[in-house]
Amino acid sequence: MQDTDEFLSNPKVLSQYNLLQELGVFQYIDTLKTQIRNGEALISSAKKILHCTSIDDILESTVKEISDRFLPSFLIFLWKPSSTHKDVVVRGYKNFKNFDLNLKIEDLCPFEAFFKQYSQPISFDLLEYQLNNPQLTDDMKEYSPEVVIPILGPSGLYGMILVGSKLLEEQYSLQELSFLDKLMSFTSLAIQNFIHYQYSVRDGKTSLFNHGFFMIRLREEIARSYRINQQFALIIIDVDKFKAFNDTYGHLAGDAVLEELARTIQKNLRSQDIPSRFGGEEFTVLLPETNRASAWVVAERLRNAAQAMHVHWDQPLPQVTISLGVALFDGTEQLEPEELVKRADEALYQSKARGRNRTTVWGAGLLYKTQQLKSNLKIK
């Protein structure tokens, strides 16, 4: 295809310049050039967003792409991190940095029906008029957003972005709103991809890693330990007398306990630790680069935190306790992942046998003691 400058300098074009101008050919060429630039900008932004590997990265990348192009006075994200919970995360950005805001939106469901019907970016004034529900929009109105952009996917409304007025111009043009709409489709796709990945490695009830992912990471950690001679630890956790708890208070109360325990475990670990739901009321924690003493400290911290946690429920629930078994691996012996799990499980069994609500570290002679106990006792 000829370069535009070459086309315009062509003698045949110059001879018909007035006619072509009158027909709007040159204006049409300018429009096409603008569309090409917008398309290239959209592809560039989409690539950056789709390469993100976490929700935080997706949101921050989207903020940067919008801010670079439009210079809005602020951006506010309202984000529902889980399709199974109503909780809404709210984040505000000014000049690429977070700012504190007091925006109380506890549920996106009231907005979902509207945005399923009108899925495009919309002015806040029109949204306020169409919803006609001050309880939903008054808190937003305090920040004077100009545009509201829905983030939609197969699971419904993932979130919304409130966009402030432009710093350098008066209003967002139709072309800019169209660009934002297309950009949000890529943001939505990135979020969907992330959610699908999370479903493949996360437990649906507790949001901790699932057993399959844990076993993959355990194999990797064993291989790493062989390679660099670095010790790591494995903890297995079991909720004490959980069957009796379910029988007394019901399985929904039991689910609430598991969810709260999962949050408690997560809050008391490092970012590099791998907590997972092993199955039923059992959990595992993989502790990279952790020696015996440190593993004991972590296990006891988890035990005390579980004992102190409060589970929100319709009726008062009894104190929950956990028993823990710890096993160490230092890369000096040939060991399959299943054998290391078995050692931690044997230590857990000892904690149960010794009265529950305690931690036991696997060591020499423990396997024999456990086998002797199993032959004489049946501990649940």
Side-chain angles (χ1 to χ4, degrees), residues 201-203 205-206 208-243 258 261-262 265 268-269 272-303 306 321-380:
V201 300
R202 296 279 182 178
D203 172 63
K205 187 180 298 298
T206 64
L208 298 182
F209 291 110
N210 59 32
H211 178 63
F213 181 82
F214 160 74
M215 291 303 296
I216 291 172
R217 287 293 291 111
L218 179 57
R219 289 183 182 278
E220 292 174 347
E221 203 60 35
I222 288 176
R224 181 169 177 267
S225 184
Y226 282 137
R227 187 173 64 254
I228 66 174
N229 197 31
Q230 177 70 60
Q231 195 172 42
F232 74 90
L234 166 64
I235 302 174
I236 292 185
I237 302 167
D238 186 79
V239 181
D240 294 328
K241 299 183 179 179
F242 192 67
K243 183 180 183 305
L258 296 180
L261 178 58
I265 291 172
N268 284 278
L269 295 174
Q272 66 264 39
D273 298 332
I274 310 294
S276 67
R277 187 181 180 194
F278 196 68
E281 69 272 20
E282 284 194 329
F283 299 84
T284 53
V285 179
L286 194 59
L287 302 173
E289 300 179 13
T290 303
N291 59 26
R292 185 186 185 94
S294 297
W296 171 267
V297 169
V298 173
E300 282 294 281
R301 182 166 68 239
L302 293 175
R303 186 182 65 81
T321 64
I322 57 175
S323 297
L324 305 94
V326 182
L328 282 296
F329 186 76
D330 59 8
T332 60
E333 59 178 324
Q334 292 294 321
L335 195 67
E336 291 296 319
E338 292 78 11
E339 180 59 31
L340 188 62
V341 172
K342 183 179 178 182
R343 289 181 179 182
D345 202 41
E346 299 289 357
L348 170 64
Y349 193 89
Q350 283 287 324
S351 293
K352 294 283 190 179
R354 293 164 55 212
R356 302 181 178 87
N357 190 24
R358 64 187 65 222
T359 298
T360 302
V361 181
W362 193 92
L366 184 61
L367 178 58
Y368 171 77
K369 293 177 183 177
T370 303
Q371 290 172 336
Q372 289 296 102
L373 276 169
K374 282 185 176 180
S375 65
N376 297 303
L377 297 172
K378 186 177 181 181
I379 301 172
K380 298 180 179 179

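Scope of the values below: all heavy atoms of this structure, side chains included, with no hydrogens, waters or symmetry mates.
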Colleague: Can you check whether Ser294 reaches Asn291 side chain to side chain, under 4.5 Å on heavy atoms?
Modeller: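 Of all side-chain heavy-atom pairs linking Asn291 with Ser294, at least one is under 4.5 Å.
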Colleague: Between the side chains of Ser323 and Asp238, is a donor N or O closer than 3.5 angstrom to an acceptor N or O?
Modeller: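 No, no side-chain donor-acceptor contact under 3.5 Å.
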Colleague: About how many Å separate CG of Leu286 and CG of Asp273, when rounded to the nearest 0.5 Å?
Modeller: 8.0 Å
Colleague: Restricting to side-chain hydrogen bond (donor to acceptor under 3.5 Å, both in side chains), what partner residues turn up for Glu220, sequence neighbours left out?
Modeller: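 Expected list: Arg217.
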Colleague: Salt bridge (Lys or Arg N to Asp or Glu O under 4.0 Å) with Arg224: which residues, sequence neighbours excluded?
Modeller: Glu221, Glu289
Colleague: How close do Ile265 and Pro275 get, counting heavy atoms only, and between which atoms?
Modeller: CG2-CB, 4.0 Å
Colleague: Distance under 6.0 Å and angle within 45° of the ring axis: does Arg202 meet both against Phe209?
Modeller: yes
Colleague: Looking at every non-hydrogen atom in both residues, tell me the closest pair between Met215 and Val341 and how far apart they are.
Modeller: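 Scanning both residues, the minimum pair turns out to be SD-CG2, 4.5 Å.
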Colleague: Report the distance from atom CG of Leu258 to atom OG1 of Thr206, rounding to the nearest 0.5 Å.
Modeller: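 Here the rounded value is 8.0 Å.
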Colleague: Return the CD1 to CZ distance between Ile274 and Phe213, rounded to the nearest 0.5 Å.
Modeller: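 Here the interatomic distance stands at 5.5 Å.
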Colleague: How far does NZ of Lys342 sit from CG of Leu234, to the nearest 0.5 angstrom?
Modeller: 14.5 Å
Colleague: Salt-bridged, Glu300 to Arg303, with N to O below 4.0 Å?
Modeller: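 Here Glu300 pairs with Arg303 in a salt bridge, since their nearest N and O are under 4.0 Å apart.
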Colleague: Who passes ring-ring contact (aromatic ring centres under 6.0 Å, His included) against Phe329, sequence neighbours left out?
Modeller: Tyr226, Phe232
Colleague: For a side-chain hydrogen bond (donor to acceptor under 3.5 Å, both in side chains) with Lys352, tell me which candidate from Asp240, Asn357, Thr360 qualifies.
Modeller: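 So, applying the side-chain hydrogen bond (donor to acceptor under 3.5 Å, both in side chains) to Lys352 and each of Asp240, Asn357, Thr360, only Asp240 qualifies.
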Colleague: Please find the pair of heavy atoms, one from Phe283 and one from Leu261, that lie closest to each other, and give the distance.
Modeller: CE1-CD2, 3.6 Å
Colleague: Where the side chain of Thr290 meets the backbone of Pro288, is there a donor-acceptor pair that is under 3.5 Å apart?
Modeller: yes
Colleague: Between OG of Ser225 and CG of Leu218, what distance do you get to the nearest 0.5 Å?
Modeller: 10.5 Å
Colleague: Work out which heavy atom in Gln231 is nearest to a heavy atom in Leu328; give both atom names and the distance.
Modeller: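 Shortest heavy-atom contact: NE2-CB, 4.0 Å.
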Colleague: Passes side chain to side chain contact (heavy atoms under 4.5 Å, CB included), Val285 versus Ile237? Steps please.
Modeller: CA-CA 8 Å; Val285 179; Ile237 302 167; 4.1 Å; yes
Colleague: Distance check, rounded to the nearest 0.5 Å: Asp345 atom CG versus Thr284 atom OG1?
Modeller: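 The OG1 atom of Thr284 is 11.0 Å from CG of Asp345, to the nearest 0.5 Å.
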Colleague: Of the non-hydrogen atoms in Asn210 and Ser276, which two are nearest, and what is the gap between them?
Modeller: O-CB, 4.0 Å
Colleague: Which atoms form the tightest heavy-atom contact between Val298 and Ile235, and what is the distance?
Modeller: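 Here Val298 and Ile235 meet closest at CG1-CD1, 4.2 Å.
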